[in-house]
Amino acid sequence: MENMKRTATCGSLRAADDGLTVVLNGWVHRNRDHGGVHFINLRDRYGETQIVVDEDVPAELAELAGSLKFEYCVAVEGVVRKRPDSMINPDMATGEIEISVKKIEILNTCLTLPFMIEDETDSNENARLKYRYLDLRSKGMQERIILRNKVTWAIREYLQGVDFLEIETPTLIKSTPEGARDFLVPSRLHPGKFFALPQSPQLYKQLLMVSGFDKYFQVARCYRDEDARGDRQLEFTQIDMEMSFVSREDVFTVTEGMMGHIFKSTMGIELPVSFERLAYDDAMNLYGSDKPDLRFGLAFRDFAPFVPGSDFSVFKNVLESGGVVKAMVVPGAAAAYSRKKISELEETAKTYGAKGLAWMKVTAEGLDGGVSKFFGDQADAIKSGLEASEGDLILLMAADWKTACNSLGAVRSRLGKDLELIDESQFRFVWIVDFPLFEYNEEEKAWEPAHHMFSMPQDRYLDTFDTDPGPVKGDLYDLVLNGYELASGSIRVHDPELQQRIFNVVGFPKELAEERFGFLLDSFRYGAPPHGGIAAGVDRLVMIMAGKSSIKEVIPFPKNSVGMSPMDESPAVVDEQQVRDLHLRVELPEEKE
RNA sequence: GGAGGCGUAGCGAAGAUGGUUAUCGCGCCGGCCUGUCAAGCCGGAGAUCGCGGGUUCGAGACCCGUCGCUUCCGCCA
């Protein structure tokens, strides 16, 4: 091996290197034996280079070349040769040259592959995860992992440049089961006691503010024991930030600057200097989502004004019981949307709790189909009120406000995809601001924190928030990109008295607060500075940048959708002795046959 | 916890209304081939059709159950 140490990578050689003797190390990507002449594509993470086994090489070398199978790991020595013009491959970065082979050494052989190493695999996801080390060899995965590296690098580069300190916080911490379920870690030294893995470094970063590290960040691994989704894993990575002596504007400025730097330095894309803002109420009312994809329109309108003038009792009843009737005009979709296709949209709405989806079509004469007979005499008013014109499809949703928003929002998202309204090359950021601080839980008949308990009410509610929690807006904000919640943050409470008032509103007992977060509340009594921050999902960011719809595509070793790793088969049963050491007893659920 | 989708060779798929040797592509094995770059050509091996039960003369297909994966709702920011 010593004399076959690589002197170039498979992506580095160009026409200018003509005549150079090189050693390449890599994997056999393709092997095309033409009887006389013979081509091998050698691949490493830098690219691919064509190796030529000329017709006049010694028989032994030709035979060795012929024996190379897919994914053999080899060292190749040869001479860089400029290809004749007619044989240049313009699709290959190294396509101007090839290596005339002089020597081959097999560093390792390879079994028959479970799937081919291609640019993008269409193989079954669990097979890909079981052989993840092979899946990661594909060009697509390599590019995404490299992109991810560039993104985290750019984050550090930017934040260091504006005086942030990267500080680690513990991953064995106290369980605070208010939000998601915690992953628990039993303590061997302390029988019956448990650590938890952090859902976020939230409490620790606030403590760092108390300590005076006024600009902190961390590329933090976080854990939540909840069911997975396309954009959710048990463990995930956040770029976690916190700052002292700031308002939300400062947080926005840093985040915008950081995103700008990430996109500029990794993809050469110039983002706007500052991002659009949308109030939570407006986002919900217009797009039916607190993470709207603004790459397309289809904004909702209020249909309530047209309800009293009609006999349609369904809408009337909903309005009378405090609900809303919303309209979405889909331009030019009347012809394309048959009753059947509309009922598919209705199914989408129903998964979000809607009872149905009403519709009508705009014609030259007036309104047609669906519920049009109830509104025919208001046709002109509806057309002008909704700014609808001939050939448009009008979808109508009547339900309580939240259900109406969510379900019509889901229909909107689906239409965005189905009608191909989305410009996939766009990266559309929007700040969602003015979230409600509290939410009323109808079942529990109690107020709950809409996000968490440590966020500030906006100034104008400081005197009234505990007597009238409903209308209170918090100093809370989300950064949304292309319909994904990319980051979430708030200005925190740093005053113990104010914190206690918030606990009172949400009925969180003082004793429990002391037990759970006593250390944080105590710290606030020692000159805690005003502070706030944000945490952005690295997995989601890279996923969106890479144009993928699952974060598994940008995580080197993800879990599958049932939270297991098909590769190492974790989680797994452990030795009885290990369990005993931890002072635990394991009760298995009844065996299913 | 719930809903939809899927499960056929190592991989990706086809298999109308049930009909006997289960099809195709990639990969694998053997052979041919002097310029390919998803090389090409010829030949070959490889499948208890996820599992269990049922209906039937006959089930990959139909019915019941079950397991697994997957997307979504719930959950979770």
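Keep in mind that the numbers below use all heavy atoms, side chains included, and drop hydrogens, waters and symmetry copies. Every chain is numbered from 1 and lettered A, B, ... according to where its sequence line falls, protein lines coming before strand lines.
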**Study point:** Watson-Crick or G-U wobble partner of B:rC62, both distances under 3.5 Å
**Key:** B:rG54

Revision key, fill the gap. Residue pair A:T351/A:E55 against RNA chain B: nearer the 5' end by closest nucleotide is A:E55

Review point. Of the nucleotides B:rA77, B:rC73, B:rU36, which has the atom closest to the A:H451 side chain?
Key: B:rA77

Practice item. Determine the Euclidean distance between corresponding P atoms of B:rC75 and B:rC64; express it in Å to zero decimal places. Key: 31 Å

Point to revise | Any donor-acceptor N/O pair under 3.5 Å between B:rC33 base and A:R32 side chain | key: no

**Study point:** Integer angstrom distance from the P of B:rG35 to that of B:rU71
**Key:** 46 Å

Check your understanding: Heavy atoms under 4.0 Å, any strand shown: does A:K552 hit a base, just sugar-phosphate, or nothing?
Key -> sugar-phosphate

Point to revise | Base B:rG74 paired with A:D227 side chain (donor-acceptor, <3.5 Å) | key: yes

Review point. Syn or anti: how is B:rA13 classified when any glycosidic angle within 90° of 0 counts as syn?
Key: anti

Point to revise | Rounded distance in Å between the C1' positions of B:rG46 and B:rG25 | key: 15 Å

Check your understanding: To the nearest Å, how far apart are A:L113 CG and B:rC28 P?
Key -> 8 Å

Check your understanding: Starting at the 5' end of RNA chain B, which residue's closest nucleotide do you reach first, A:H452 or A:V562?
Key -> A:V562

Check your understanding: Do NZ/NE/NH1/NH2 and the carboxylate oxygens of A:D17 and A:R14 come within less than 4.0 Å?
Key -> no

**Study point:** Pair of N/O donor and acceptor under 3.5 Å linking B:rC11 base with A:R128 side chain
**Key:** no

Practice item. Sticking with atom P, work out how far B:rA45 lies from B:rG30, rounded to a whole angstrom. Key: 15 Å

Exercise for review: Report the base-pairing partner of B:rU21 (Watson-Crick or G-U wobble, both distances below 3.5 angstrom), or none.
Suggested key: none

Point to revise | Separation of atom CG in A:D225 from atom P in B:rC76, rounded to whole Å | key: 12 Å

Study note, to complete from the structure: When rounded to whole Å, the CE to P distance for the pair A:M92 and B:rG35 reads 18 Å

Review point. Using a cut-off of 4.0 Å on non-hydrogen atoms, how would the nucleic acid contact of A:Q199 be classed: base, sugar-phosphate, or nothing?
Key: sugar-phosphate

Point to revise | salt_bridge(A:K402, A:E439) N-O dist < 4.0 Å | key: yes

**Study point:** B:rC57 to B:rG18 separation - P atoms, rounded to the nearest Å
**Key:** 15 Å

Check your understanding: Looking across every strand, which nucleic acid part, if any, lies under 4.0 Å from A:A450 by heavy atom: base, sugar-phosphate, or nothing?
Key -> base

Exercise for review: Among the candidates B:rA77, B:rC29, B:rC75, find the nucleotide nearest to the side-chain atoms of A:K69.
Suggested key: B:rC29

Exercise for review: Can you check whether any acceptor in the base of B:rG35 is under 3.5 Å from a donor in the side chain of A:E98, or vice versa?
Suggested key: yes

Review point. If you measure from the Lys or Arg side-chain nitrogens to the Asp or Glu carboxylate oxygens, is any gap between A:E71 and A:R43 under 4.0 Å?
Key: yes

Practice item. For atom CD of A:E120, decide whether the heavy atoms of other residues, nucleotides or ligands shown that lie under 6.0 angstrom number more than 12. Key: yes

Check your understanding: Taking the side chain of A:R81 as its heavy atoms from C-beta onward, which of B:rG35, B:rC11, B:rC76 lies nearest to it?
Key -> B:rG35

Exercise for review: May I ask you to say what A:E118 touches in the nucleic acid, namely base, sugar-phosphate or nothing, with a heavy-atom cut-off under 4.0 Å?
Suggested key: nothing

Point to revise | N-O pairing of A:E77 and A:K103 below 4.0 Å | key: no

Check your understanding: Within this structure, what is the CZ-to-C1' distance between A:R224 and B:rA77, rounded to whole angstrom?
Key -> 6 Å

Check your understanding: Which part of the nucleic acid does A:N89 contact within heavy-atom distance under 4.0 Å: base, sugar-phosphate only, or nothing?
Key -> base

Check your understanding: Given B:rU71, is OP1 or OP2 found less than 4.0 Å from the side-chain N or O atoms of A:S561?
Key -> yes

Check your understanding: From B:rU70, B:rG27, B:rC37, pick the nucleotide closest to the side chain of A:M116?
Key -> B:rG27

Check your understanding: Does the pair A:E344/A:R414 count as a salt bridge with the N-to-O cut at 4.0 Å?
Key -> yes

Review point. Under 4.0 Å between a side-chain N or O of A:R229 and OP1 or OP2 of B:rU71?
Key: no

Practice item. Please determine, for B:rC69, whether a Watson-Crick or G-U wobble partner exists with both distances under 3.5 Å, and give it or none. Key: B:rG5

Exercise for review: For B:rC72 versus B:rG10, give the span between their P atoms, rounded off to a whole number of Å.
Suggested key: 30 Å

Check your understanding: Nearest of B:rU70, B:rC75, B:rG12 to any side-chain atom of A:N126?
Key -> B:rU70

Exercise for review: Sort out the partner of B:rC32 for me: Watson-Crick or G-U wobble, both distances under 3.5 Å, none otherwise.
Suggested key: B:rG40

Practice item. Classify the side chain of A:R83 versus the base of B:rU36 as yes if they form a donor-acceptor pair under 3.5 Å and no if they do not. Key: yes

Review point. Among the nucleotides B:rC72, B:rC75, B:rG35, which one has an atom lying closest to any side-chain atom of A:Y352?
Key: B:rC72

Review point. To the nearest Å, how far apart are A:R181 CZ and B:rC75 C1'?
Key: 7 Å

Exercise for review: Grab the two heavy atoms, one from A:L481 and one from A:F427, that are nearest each other, plus how far apart they are.
Suggested key: CD1-C, 3.7 Å

Check your understanding: Expressed in angstrom and rounded to an integer, what is the separation of A:M564 atom CE from B:rU70 atom C1'?
Key -> 14 Å

Point to revise | Near-parallel close stack of A:H34 and B:rA39 base (under 5.5 Å, under 30°) | key: yes

Practice item. Would you indicate what A:G35 reaches in the nucleic acid, counting non-hydrogen atoms under 4.0 angstrom: base, sugar-phosphate, or nothing? Key: base

Review point. Under 4.0 Å between a Lys/Arg side-chain N and an Asp/Glu carboxylate O for A:R339 and A:E346?
Key: no

Review point. At under 4.0 Å between heavy atoms, what does A:D33 touch on the DNA or RNA strands: base, sugar-phosphate, or nothing?
Key: base

Exercise for review: Name the closest nucleotide to the A:R232 side chain, picking from B:rG74, B:rA77, B:rC37.
Suggested key: B:rG74

Check your understanding: On a whole-Å scale, what distance lies between the P atoms belonging to B:rU8 and B:rC62?
Key -> 15 Å

Check your understanding: Checking all strands, does A:G230 fall into the base, sugar-phosphate, or nothing category for heavy-atom contacts under 4.0 angstrom?
Key -> sugar-phosphate

Point to revise | Euclidean distance, atom CZ of residue A:F70 to atom P of B:rA38 [Å, nearest integer] | key: 12 Å

Check your understanding: Which nucleotide in the list B:rC37, B:rU71, B:rU34 gets nearest to the side chain of A:V37?
Key -> B:rU34

Review point. Across the strands shown, which category fits A:D290 at heavy-atom distances under 4.0 angstrom: base, sugar-phosphate, nothing?
Key: nothing

**Study point:** Among B:rC11, B:rU70, B:rC37, the nucleotide that comes nearest once only the side chain of A:S123 is considered
**Key:** B:rC11

Check your understanding: Do other residues, nucleotides or ligands put more than 12 heavy atoms under 6.0 Å from the NZ atom of A:K139?
Key -> no

Check your understanding: Can A:F115 be said to stack with the base of B:rC11, given centres closer than 5.5 angstrom and planes under 30 degrees apart?
Key -> no

Practice item. From the options B:rG74, B:rC28, B:rG35, select the nucleotide whose nearest atom is closest to the side chain of A:T112. Key: B:rC28

Check your understanding: Quick one: do A:D240 and A:R221 make a salt bridge, cutoff under 4.0 Å?
Key -> no

Exercise for review: Using the P atom as the reference point in each nucleotide, state the distance between B:rC11 and B:rG5 in Å, no decimals.
Suggested key: 24 Å

Study note, to complete from the structure: To the nearest angstrom, the OH-P distance between A:Y223 and B:rC76 comes to 21 Å

